[in-house]
Q: 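Supplied in structure tokens, the structure appears directly below.
Below, chains carry the letters A, B, ... as their sequence lines are ordered, and counting in each starts from 1.
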Number of protein chains: 2
Amino acid sequence: MTQDGRRLRGLRSREAILERTVGLASVEGLDGLSLGRLAAATGTSKSGFFAHWRDKEELQLDAVEWAARQWKEHVVAPAMSAPPGVRRLFALHEARMRFYSDGVLPGGCFFFTVQAEFDDRPGAVHDRVARAMREWQEFIQRLVTQAKELGELVEEADPAQLAYEIDALGEMTIIHSRLHDGPAALTHARRAVLQRLRALCPEPALLPED
Amino acid sequence: MTQDGRRLRGLRSREAILERTVGLASVEGLDGLSLGRLAAATGTSKSGFFAHWRDKEELQLDAVEWAARQWKEHVVAPAMSAPPGVRRLFALHEARMRFYSDGVLPGGCFFFTVQAEFDDRPGAVHDRVARAMREWQEFIQRLVTQAKELGELVEEADPAQLAYEIDALGEMTIIHSRLHDGPAALTHARRAVLQRLRALCPEPALLPED
DNA sequence: CGACTATACAAACGACCGGTCGGTCAGATA
DNA sequence: TATCTGACCGACCGGTCGTTTGTATAGTCG
């Protein structure tokens, strides 16, 4: 537990490798990305990876963890600084849109790519991704429930239903914007969630008009 | 142009190979799927493919074409037998849900997997997939416009906006149902589109209540 | 019948894959 | 000082990738 220059250096390059891995995986996927190309992109040697991870799957699992942390920093945290209720709910959606439009990750969304890659492939990575997505879904549901308790959403609003809609409308942004729509998908996704929330909110003035 | 038993046989195995390709690609993607495994799955030899396609990319392009045809048969055609207007629009969404829940493709949706795979990778396959998705989007928009002309959707309904919402809510079904939700995602997606259409329809009685 | 063509095959190619190996070197320990 | 350890490397392994080559077979046509 003393300060060890070797371990410090190791931790630093470990973080750098994970950041590159998540970025590249958002484009090519976690399996499509080969260790050789990853080594070239990070300026290290292929075999150097095995000082940090036992095999490729361990690197993939750590990459999922890293991406989840990045998501919390860029999307969840900004939303939590908004007042609870529908405003926080919409702030979450807007933070997500900003994450996409700012191009934080070259491929748009790490979890979208990885979900599509592993949804039919059983294994440790599948389970880890599924857990992350379940936690994300439950988090949106909690915000919906909180908004209902504050009287900012009508009683009929079903948290699971609304959470599904918000997530689906947000997640499909990247694929639409990249394949044909361009920036139009961003405004469509923003307006869709905004209108949905306003329709369910007794005080629509809490939210922007458009 | 005479009847040639060889070409007939060739066409038959060509179709059989394409069907297997689309099915497997809906799970593993078009690039993730290797010719060796594809050969094993179709009971042919790896090199036999090159009698039908110049290289892997040509097979991928034909697979996209085949999947588009399958989609039209299973989703578009059933919707067209419904009366035009909001009922046809909702029939389209329901046909899609049935396509997913029936498990027509082992991976759920070919285009979802392939979109995620090629959205950031330029090339012929990317362009072909993008065209297919644009045509699909435009088709939904035409149905929305038609419903407006029939007075079954209010004038404020924006075709591009509504088409985006319908497609996004439908498309995210598979990933949700496969990774955590189970069948709940199907009912969420169905109800979301139904409520959206009923809210925009002057005669909600045209649509089921739930 | 032979010439030709479409279909299919086994074998082999170079390139690249994930992973292992022995070794180098800097920093910690005593 | 000598010893040990963690980070990192180049070289290499067996295996799989997409593709090429050469060959066999079956159907068509002159």
Q: What's the CZ-P distance between Arg37(B) and dG18(D), to the nearest Å?
A: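 Rounded to the whole Å, the gap is 8 Å.
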
Q: Please state how far atom CH2 in Trp53(A) lies from atom C1' in dG18(C), giving the value in whole angstrom units.
A: 15 Å

Q: Show which side-chain atoms of residues 69-78 of chain B pair as donor or acceptor with protein atoms under 3.5 Å away, not counting sequence neighbours.
A:
residue: Arg69(B); atom: NH2; partner: Glu15(B); partner atom: OE1; Å: 3.3
residue: His74(B); atom: ND1; partner: Gln70(B); partner atom: O; Å: 3.1

Q: Without decimals, in angstroms, what is the distance between Phe49(B) CZ and dT20(D) P?
A: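 Interatomic distance, CZ of Phe49(B) to P of dT20(D): 15 Å.
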
Q: So does Ser34(A) get a side-chain nitrogen or oxygen closer than 4.0 Å to the phosphate oxygens (OP1/OP2) of dC17(C)?
A: yes

Q: I'd like to check the salt bridge (Lys or Arg N to Asp or Glu O under 4.0 Å) partners of Arg20(A); sequence neighbours left out, ordered by chain and number.
A: none

Q: Can you tell me which residue among Asp55(A), Thr21(A), Asp31(A) is in a side-chain hydrogen bond (donor to acceptor under 3.5 Å, both in side chains) with Gln60(A)?
A: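 Per the side-chain hydrogen bond (donor to acceptor under 3.5 Å, both in side chains) rule, the option paired with Gln60(A) is Asp31(A), out of Asp55(A), Thr21(A), Asp31(A).
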
Q: Under the salt bridge (charged side-chain N to carboxylate O under 4.0 Å, His left out) rule, what pairs show up with a residue in residues 97-120 of chain B, not counting sequence neighbours?
A: Arg178(A)-Asp120(B)

Q: Round to the nearest Å and state the distance from Leu11(A) atom CG to dC8(D) atom P.
A: 10 Å

Q: Distance under 6.0 Å and angle within 45° of the ring axis: does Arg96(B) meet both against Phe99(B)?
A: no

Q: Atom pairs, N/O to N/O, protein against nucleotides 22-27 of chain C, distance under 3.5 Å?
A:
residue: dG27(C); atom: N2; partner: Arg6(A); partner atom: NH1; Å: 3.3

Q: Between Leu105(B) and Phe111(B), is a side-chain contact (heavy atoms from CB on, under 4.5 Å) present by the stated rule, with each step listed?
A: CA-CA 11 Å; Leu105(B) 288 177; Phe111(B) 282 102; over 6 Å; no

Q: Minimum heavy-atom separation for Leu169(B) to Ala189(B), with atom names?
A: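 Here Leu169(B) and Ala189(B) meet closest at O-CB, 3.4 Å.
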
Q: Could you check whether Leu33(A) gets within reach of a base, just the sugar-phosphate, or nothing at all, counting any heavy atom under 4.0 Å?
A: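 Counting heavy atoms under 4.0 Å across all strands, the contact made by Leu33(A) is with sugar-phosphate only.
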
Q: Counting only heavy atoms and a strict 4.0 angstrom limit, can you tell me which residues of residues 16-31 of chain B come near DNA chain D?
A: none

Q: State, yes or no, whether a side-chain contact exists between Leu35(A) and Leu59(A) at a heavy-atom distance under 4.5 Å.
A: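 With C-beta onward as the side chain, the pair touches.
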
Q: Select one nucleotide: of dG19(C), dC9(C), dC17(D), the one nearest the side-chain heavy atoms of Lys56(A).
A: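 Closest nucleotide among those given: dG19(C).
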
Q: With distance as the sole criterion, do the side chain of Lys46(A) and the base of dG19(C) form a donor-acceptor contact below 3.5 Å?
A: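 When only heavy-atom distances are counted, Lys46(A) does reach the base of dG19(C) through a donor-acceptor pair under 3.5 Å.
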
Q: Taking only side-chain nitrogens and oxygens of His52(A), does any of them come within less than 4.0 Å of OP1 or OP2 of dG6(D)?
A: no

Q: If I take atom CG in residue Leu38(A) and atom C1' in nucleotide dC17(C), what distance separates them, rounded to the nearest angstrom?
A: 14 Å

Q: Distance-only criterion, 3.5 Å: show the donor-acceptor pairs between side-chain atoms of residues 131-145 of chain A and protein atoms not counting sequence neighbours.
A:
residue: Trp136(A); atom: NE1; partner: Asp167(A); partner atom: OD1; Å: 2.9
residue: Gln137(A); atom: OE1; partner: His176(B); partner atom: NE2; Å: 3.4
residue: Thr145(A); atom: OG1; partner: Gln141(A); partner atom: O; Å: 3.0

Q: Any donor-acceptor pair, under 3.5 Å, between the side chain of Ser47(B) and the base of dA10(C), if you only look at N and O atoms?
A: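 By the distance-only test, yes, there is a pair.
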
Q: Write down the distance between CG (Leu8(A)) and P (dA7(D)), rounded to a whole number of angstrom.
A: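 So the CG-P distance, Leu8(A) to dA7(D), works out to 11 Å.
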
Q: Rounding to an integer number of Å, can you tell me how far Leu35(B) CG sits from dG15(D) P?
A: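 From Leu35(B) CG to dG15(D) P: 21 Å.
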
Q: Figure out the CZ/P separation between Phe50(B) and dC17(D), and round it to whole Å.
A: 13 Å

